[in-house]
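Here's the structure, in structure tokens; my notes come after.
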Amino acid sequence: MMLYLEKLKSFAATHPCENVTVDGAKFRYLLRGNENGKLLVFLNGGMNTLEMWMDYVDKLSDAYRVLLFDYPQELRTNQELVVGMHAFFQKLGVEDPIFVGASDGGMVAQIYTQKYPNEVGGLVLISTGGMDANTLKILKQKYRFAPLMLWYMKRCNYEKLKPKLIKAGMSHIRNESAEEIAYAQDMFETIFKDYKQEKDVHISGLLADLMNQTPVTAADFAALQGKILLILPDQDFFSGKMQEDLIRLMHNPKISYVSGGHLSTVLKTDAYIQTIHEFLRTIGA
């Protein structure tokens, strides 16, 4: 397995990103693929780096249009984020996006669908939980100290904090191979080498703000029945109870249970891409 840094250099050289400002928010993005295909919009997890999806781009872009982007720092709440995304999509001429959201990105996809229920073409939710009342209650209890941590993060010596953040990321390893563990370690070290305190404060603020959202209900996803795929690792950060609550929200979704933990999205990409391909074919996308 090629290490993350080596792969990142190759990806950056062959997939240059573009930038556009929409209503004051600066979007860094990559749009590639089949202009006649359905559009897949990938929503980032907690590191908010579009490069987490770099293995997916070329393997999906023959059949689909693929859009990756970072969440702009000007958008400080999740409601601001989905409104900004909506304006960004209009700028690019995006209609009926099929969201592929991992972890916190899966939650952003749910918030967007709740706000714009007739403007989503499908959902692929990976290693995530529902934005339902039960899950939000559990997360509020688990992250009751989030406001204090956010206060600390704004004021701490961030360079000294980085090793602890890398260790926290590696705590999601679950029986992965030695090669996969080395890749994950290199990924976190590479990302945090140039990761800015302001960016971490921004994404941490978005994560904390998830607890402030109006809970979604099954009715929010009724129009997408038959167009929802859940990819659920058996050793995920989100508990089995949270996974069950997510399933109940989604109107008999297609479910793919996979072996692995929360980092499987970037460590076992071939299996995930194959699962997404198969699902998209079943819905005629």
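Throughout, numbering of the chain's residues begins at 1 and tracks the sequence.
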Enter the distance from Ile138:CD1 to Lys140:NZ here, rounded to the nearest 0.5 Å.
-> 12.0 Å

Short question: side chain of Asn78, backbone of Leu206 - any donor-acceptor pair under 3.5 Å?
-> yes

Glu51 side-chain N/O to Thr49 backbone N/O, donor-acceptor pair under 3.5 Å = no

Residue pair Met54, Lys7: steps toward the side chain to side chain contact (heavy atoms under 4.5 Å, CB included) verdict | CA-CA 9 Å; Met54 61 184 171; Lys7 187 184 295 182; 3.6 Å; yes

Do Asp270 and Lys59 meet the salt-bridge criterion of a basic N to acidic O distance under 4.0 Å?
-> yes

When you measure from the side chain of Ser171 to the backbone N and O of Ala168, does any donor-acceptor pair fall under 3.5 Å?
-> yes

Is there a donor-acceptor contact under 3.5 Å linking the side chains of Asp220 and Gln110?
-> no

Hey, are the side chains of Val57 and Phe42 touching, using non-hydrogen atoms and a 4.5 Å cut-off?
-> no

Taking the side chain from Ser103 and the backbone from Gly45, do they hold a donor-acceptor pair closer than 3.5 Å?
-> no

Out of curiosity, does Leu5 fall in the hydrophobic cluster containing Ile181 (side-chain heavy atoms, cut-off under 4.5 Å, transitive links)?
-> no

Can you name the nearest heavy-atom pair linking Ala102 to Thr265, along with the distance?
-> CB-CG2, 4.1 Å

Of all the heavy-atom pairs spanning Thr190 and Leu8, show the shortest one and how long it is.
-> CG2-CD2, 3.9 Å

Starting at CD of Glu176, measure out to CG of Leu263 and round the result to the nearest 0.5 Å.
-> 6.5 Å

Minimal heavy-atom distance between Val100 and Trp53, with the atoms involved, is O-CZ2, 3.9 Å

Min side-chain heavy-atom separation Ile203-Tyr195 under 4.5 Å | yes

Side chains of Asp70 and Lys199 in contact at under 4.5 Å (non-hydrogen atoms) = yes

Step by step, would you call Leu210 with Ile111 a side chain to side chain contact (heavy atoms under 4.5 Å, CB included)?
-> CA-CA 9 Å; Leu210 287 171; Ile111 296 170; 3.9 Å; yes

Asn36 side chain reached by Tyr64 side chain, heavy atoms, under 4.5 Å = no

In terms of heavy-atom contacts, Leu92 and Leu67 come closest through CD1-CD1, 4.0 Å

Greater than 12 external heavy atoms within 6.0 Å of Lys137's NZ | no

So does Asn19 have more than 12 non-hydrogen atoms from other groups sitting under 6.0 Å from CG?
-> yes

NZ/NE/NH1/NH2 to OD/OE distance under 4.0 Å, Lys162 and Glu159 = yes

Which heavy atom in His202 sits nearest to a heavy atom in Tyr71, and how many Å separate them?
-> CE1-O, 3.5 Å

Tyr112 and Phe89 aromatic ring geometry - parallel, tilted or perpendicular at 30°/60° bounds | tilted

Taking NZ, NE, NH1 and NH2 as the nitrogens, is one of them in Lys268 or Glu180 under 4.0 Å from a carboxylate oxygen of the other?
-> yes

Where is the tightest heavy-atom contact between Ser127 and Tyr272, given as atom of each residue plus distance?
-> OG-OH, 4.4 Å

Evaluate the side chain to side chain contact (heavy atoms under 4.5 Å, CB included) criterion for residues Val258 and Asp234: first the C-alpha distance (whole Å), next the side-chain angles of each, then the deciding distance (0.1 Å), finally the verdict.
-> CA-CA 6 Å; Val258 295; Asp234 59 3; over 6 Å; no

Measure the CZ-CD distance between Arg65 and Glu35 for me, rounded to the nearest 0.5 Å.
-> 4.5 Å

Would you say Leu43 and Phe69 make side-chain contact, with heavy atoms under 4.5 Å?
-> yes

How far apart are the C-alpha atoms of Val66 and Leu31, what are their side-chain angles, what is the distance that settles it, and do they pass the side chain to side chain contact (heavy atoms under 4.5 Å, CB included) test?
-> CA-CA 6 Å; Val66 177; Leu31 181 60; over 6 Å; no

Would you give the length of the straight line joining atom CG of Leu139 to atom CE of Met211, rounded to the nearest 0.5 angstrom?
-> 4.5 Å

Looking only at atom types and distance, does a side-chain atom of Glu80 sit under 3.5 Å from a main-chain N or O of Arg76, one as donor and one as acceptor?
-> yes

With no hydrogens and no angle check, is any side-chain donor or acceptor of Arg155 less than 3.5 Å from a backbone partner on Tyr152?
-> no

Taking the side chain as C-beta and beyond, is there a heavy-atom pair between Ile283 and Lys254 under 4.5 Å?
-> no

Is a donor on one side and an acceptor on the other found under 3.5 Å between the side chain of His277 and the backbone of Ile273?
-> no

Give the cluster check for Val124 versus Ile255: same hydrophobic cluster or not, with ILVMFWY residues linked at side-chain heavy-atom distances below 4.5 Å.
-> yes

Is a donor on one side and an acceptor on the other found under 3.5 Å between the side chain of Glu119 and the backbone of Glu95?
-> no

Pairwise distance NZ(Lys26) to CG(Leu75) - rounded to 0.5 angstrom | 12.0 Å

Measure from the ring center of Phe188 to the ring center of Tyr4 and say whether it is less than 6.0 Å.
-> no

Under the 3.5 angstrom rule, does the side chain of Thr128 hit a backbone N or O of Leu125 as a donor-acceptor pair?
-> no

Any salt bridge between Lys196 and Asp200, counting N to O under 4.0 Å?
-> no

What residues form a side-chain hydrogen bond (donor to acceptor under 3.5 Å, both in side chains) with Asp236, not counting sequence neighbours?
-> His262

Joint cluster assignment, Trp151 & Phe145, ILVMFWY side-chain distance < 4.5 Å = no

Is there a path from Leu148 to Leu207 through hydrophobic residues (I, L, V, M, F, W, Y) whose side chains come within less than 4.5 Å of each other?
-> no

Pair Asp96 + Lys38: basic N to acidic O under 4.0 Å | no

Are Thr113 and Lys115 side-chain neighbours, meaning at least one heavy-atom pair lies under 4.5 Å?
-> no

Rounded to the nearest 0.5 Å, the OG atom of Ser61 sits from the CG atom of Leu40 at a distance of 10.0 Å

When Ile126, Thr275, Ile98 are each screened for side chain to side chain contact (heavy atoms under 4.5 Å, CB included) with Leu229, the one that passes is Thr275

Would you say the side-chain atoms of Thr135 pair up with the backbone N or O of Met131, donor to acceptor, closer than 3.5 Å?
-> no

Taking C-beta and beyond as the side chain, do Lys227 and Leu123 meet within less than 4.5 Å on heavy atoms?
-> no

Between Ser177 and Glu179, is any side-chain donor less than 3.5 angstrom from a side-chain acceptor?
-> no

In the single-linkage hydrophobic clustering (I, L, V, M, F, W, Y; side-chain heavy atoms under 4.5 Å), do Ile191 and Leu3 co-cluster?
-> no

